[in-house]
Novice: 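Pasting a structure here, questions to come.
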2 protein chains.
Amino acid sequence: MKDFVIIGNKAVNGGKISLNDLPGSAGRMDVLCRCVTSALFISFGMRRDINVWLILKGEPGPDKIVRFNGETMRSLNPDERSSGSLIQKALLIDASEIEKQSTPGVFVRYGNLAQLLNEFSEEKRPLFYLKEDGDDVTEMIQTESAALLENGVYILGDNQGVFEDDEKMIENADALKISVGPISLLSSQCITLILNVLDRATNK
Amino acid sequence: MKDFVIIGNKAVNGGKISLNDLPGSAGRMDVLCRCVTSALFISFGMRRDINVWLILKGEPGPDKIVRFNGETMRSLNPDERSSGSLIQKALLIDASEIEKQSTPGVFVRYGNLAQLLNEFSEEKRPLFYLKEDGDDVTEMIQTESAALLENGVYILGDNQGVFEDDEKMIENADALKISVGPISLLSSQCITLILNVLDRATNK
């Protein structure tokens with residue numbers, strides 16, 4: 001199992017988001033939608049061993065977590081509007097602290113980064129934090145870290161990156177900083193690159 | 001300079017496309033929009049040394065070519081609707097065999113794959129064709145092919161791949177088959193992976 005956690009700093013967490021304006025009124029929800037596509041889609045199918053956790057930290061609050069589960073996912077296409085539509089539906093149901101399924105494979109609850117990090121730590125999952133000055137994942141996969149990467153939880157910021165308080169939390173959770181190359185890229189592009197490194201290791 | 005050519009087998013080439021239905025009525029235009037984003041965007045800016053050539057082979061015909069030029073591009077955001085909107089505008093101007101600029105950095109003309117291949121061949125540009133059984137680009141970059149890759153024209157299919165007649169044309173133009181890993185991926189993901197290999201080689 002691999003998990004991708006994307007922090008949506010301004011992503012709206014209530015009300016009916018507009019599918020015609022995912023970047024604007026929905027708080028750069030387009031960034032999160034692209035991450036869903038990168039993480040779950042391959043050419044002729046879906047990666048079933050992946051969860052994508054979107055942390056929606058925008059208005060009106062409190063934070064919600066929307067989870068896309070590859071194993072049970074249905075009715076998802078690779079275009080941004082498709083994942084956006086499933087997020088829209090998730091935000092329209094009555095949320096609670098307990099995760100509820102809004103559509104097949106999509107789950108929603110009230111929750112924040114701190115809770116999610118705690119849960120992964122309790123499960124003893126290895127945490128990785130995408131950061132420009134991190135260790136290069138193509139080199140790490142050649143080392144004893146390979147098994148950790150295969151079972152990793154990967155934490156990424158959105159277009160605004162990760163704010164200081166969240167970063168401290170991630171570092172306190174003992175996440176290992178990793179990078180995917182010499183240039184700072186879109187979050188969705190980073191996901192594609194991580195998965196390619198893992199694909200190559202698995203299919204050697 | 002690097003060029004990406006994406007063949008949109010069903011992509012609509014006339015009339016006003018619907019930005020609310022890029023996958024459906026616009027003939028999987030979403031695939032091409034994602035390719036534009038992968039090729040041109042990095043985290044804080046745009047790749048200025050890249051052209052993206054979209055070959056629109058769908059209805060009503062004849063084929064058109066829409067070119068996104070990184071160097072002169074303006075008013076483009078990474079979401080699919082943004083590139084879709086610029087394609088929409090390109091399809092609304094009176095096209096001819098001579099390329100015209102529809103919005104800053106976006107150009108349109110009547111044209112097809114055969115013509116484009118001829119033009120690149122006349123310029124003696126090295127052609128690469130993305131195909132699952134091609135040579136692995138991460139290995140090629142270690143060889144004398146590195147300089148060719150840096151100046152490459154990369155040809156990709158869309159969700160339907162490349163049909164037989166187009167593939168013959170590409171092979172006759174002496175394109176070298178390359179691949180990006182063990183799993184068949186979305187065209188946009190392949191572009192991200194190629195550029196990462198080139199970024200790593202340039203910034204070694």
Side-chain angles (χ1 to χ4, degrees), chain A residues 18-24 26 28-34 37-45 47 77-85 130 132 136-138 157-161 179-204, chain B residues 18-24 26 28-31 33-34 37-45 47 77-85 130 132 136-138 156-161 179-204:
Chain A
S18 163
L19 301 182
N20 295 345
D21 187 22
L22 293 170
R28 292 311 305 271
M29 198 68 84
D30 64 309
V31 175
L32 305 186
C33 293
R34 278 193 293 285
T37 298
S38 306
L40 292 183
F41 280 94
I42 54 176
S43 188
F44 303 104
R47 294 182 186 270
N77 290 312
D79 60 301
E80 291 165 16
R81 202 178 166 91
S82 173
S83 44
S85 153
L130 263 282
E132 286 83 349
D136 190 333
V137 70
T138 61
D158 63 3
N159 57 304
Q160 299 192 302
S179 68
V180 290
I183 291 181
S184 183
L185 298 172
L186 304 186
S187 312
S188 50
Q189 293 168 334
C190 295
I191 293 174
T192 297
L193 293 167
I194 292 168
L195 286 171
N196 185 251
V197 170
L198 297 174
D199 288 343
R200 286 172 176 278
T202 312
N203 294 276
K204 216 157 29 186
Chain B
S18 164
L19 300 183
N20 295 345
D21 188 22
L22 293 170
R28 292 312 304 272
M29 198 68 84
D30 64 308
V31 175
C33 293
R34 278 194 294 284
T37 297
S38 306
L40 293 183
F41 280 94
I42 55 177
S43 188
F44 302 105
R47 295 182 186 270
N77 290 312
D79 60 301
E80 291 165 16
R81 202 177 167 91
S82 174
S83 44
S85 154
L130 262 283
E132 285 83 349
D136 190 333
V137 70
T138 61
L156 299 92
D158 63 3
N159 57 304
Q160 297 193 303
S179 68
V180 289
I183 290 182
S184 183
L185 298 172
L186 304 186
S187 313
S188 50
Q189 293 169 333
C190 295
I191 293 173
T192 297
L193 293 167
I194 292 168
L195 286 170
N196 185 250
V197 170
L198 297 174
D199 288 344
R200 286 172 176 277
T202 311
N203 295 276
K204 224 172 0 201

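Sequence lines set the chain letters: A, B, ... in the order given, protein chains first and strands last, and positions in each chain run from 1. Computed from a predicted structure; not experimentally measured.
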Novice: Please classify the contact of P23(A) with chain B as side chain, backbone, both or neither, using a heavy-atom distance under 4.5 Å.
Specialist: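 The side chain, not the backbone.
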
Novice: When only pairs under 4.5 Å are counted, which of N159(B), L195(B), V180(B), L19(B) shares the most heavy-atom pairs with chain A?
Specialist: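 Of the options given, most contacts go to V180(B).
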
Novice: Among the options N203(B), V31(B), I191(B), pick out the one with the most heavy-atom pairs lying under 4.5 Å from chain A.
Specialist: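 Among the listed options, the one with the most contacts to chain A is N203(B).
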
Novice: Between T138(A), D21(A), N77(A), which shows the greatest number of heavy-atom pairs under 4.5 Å with chain B?
Specialist: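 Sorted descending by pairs with chain B, the first entry is T138(A).
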
Novice: Counting N and O atoms only, with roles assigned by atom type, does the side chain of Q189(B) sit under 3.5 Å from a partner on the main chain of F41(A), one being a donor and the other an acceptor?
Specialist: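 Yes, Q189(B) side chain to F41(A) backbone: donor-acceptor pair under 3.5 Å.
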
Novice: Hey, what do you get for CG (D79(B)) to CE (M29(A)), rounding to the nearest 0.5 Å?
Specialist: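 The CE atom of M29(A) is 13.5 Å from CG of D79(B), to the nearest 0.5 Å.
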
Novice: With only heavy atoms counted, which part of L185(A) is less than 4.5 Å from chain B, the side chain, the backbone, both or neither?
Specialist: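 Both backbone and side chain.
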
Novice: Could you name each residue pair satisfying salt bridge (Lys or Arg N to Asp or Glu O under 4.0 Å) that touches residues 186-201 of chain A, not counting sequence neighbours?
Specialist: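 Sorted result for residues 186-201 of chain A: R47(A)-D199(A), R200(A)-D136(B).
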
Novice: Can you say whether S188(A) sits under 4.5 Å from chain B via the side chain, the backbone, both, or neither, judging by heavy atoms?
Specialist: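 When you check distances to chain B, no heavy atom of S188(A) falls under 4.5 Å.
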
Novice: Go through the atoms of T202(B) and report whether side chain, backbone, both or neither lie under 4.5 Å from a heavy atom of chain A.
Specialist: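 Contact with chain A involves no heavy atom of T202(B) at all.
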
Novice: Measure the CD-SG distance between E80(A) and C33(B) for me, rounded to the nearest 0.5 Å.
Specialist: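 One gets 8.5 Å once the value is rounded to the nearest 0.5 Å.
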
Novice: Based on non-hydrogen pairs under 4.5 Å, which of P78(B), S38(B), G45(B) is most in contact with chain A?
Specialist: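 Option with the top pair count is P78(B).
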
Novice: Let me confirm one number: the CG-CD1 distance from L198(A) to I183(B), rounded to the nearest 0.5 Å.
Specialist: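 L198(A) CG to I183(B) CD1: 10.0 Å, rounded to 0.5 Å.
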
Novice: Can you confirm whether L186(B) sits close enough to I42(A) that some side-chain heavy atom of one is under 4.5 Å from a side-chain heavy atom of the other?
Specialist: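 SC-SC contact between L186(B) and I42(A) ruled out.
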
Novice: With a 4.5 angstrom heavy-atom cut-off, is it the side chain or the backbone of N20(B) that approaches chain A, or both, or neither?
Specialist: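 Contact with chain A involves both backbone and side-chain atoms of N20(B).
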
Novice: Salt bridge (charged side-chain N to carboxylate O under 4.0 Å, His left out) with D30(A): which residues, sequence neighbours excluded?
Specialist: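 Counting only residues at least two positions away or on another chain, D30(A) forms a salt bridge (charged side-chain N to carboxylate O under 4.0 Å, His left out) with R28(A), R34(A).
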
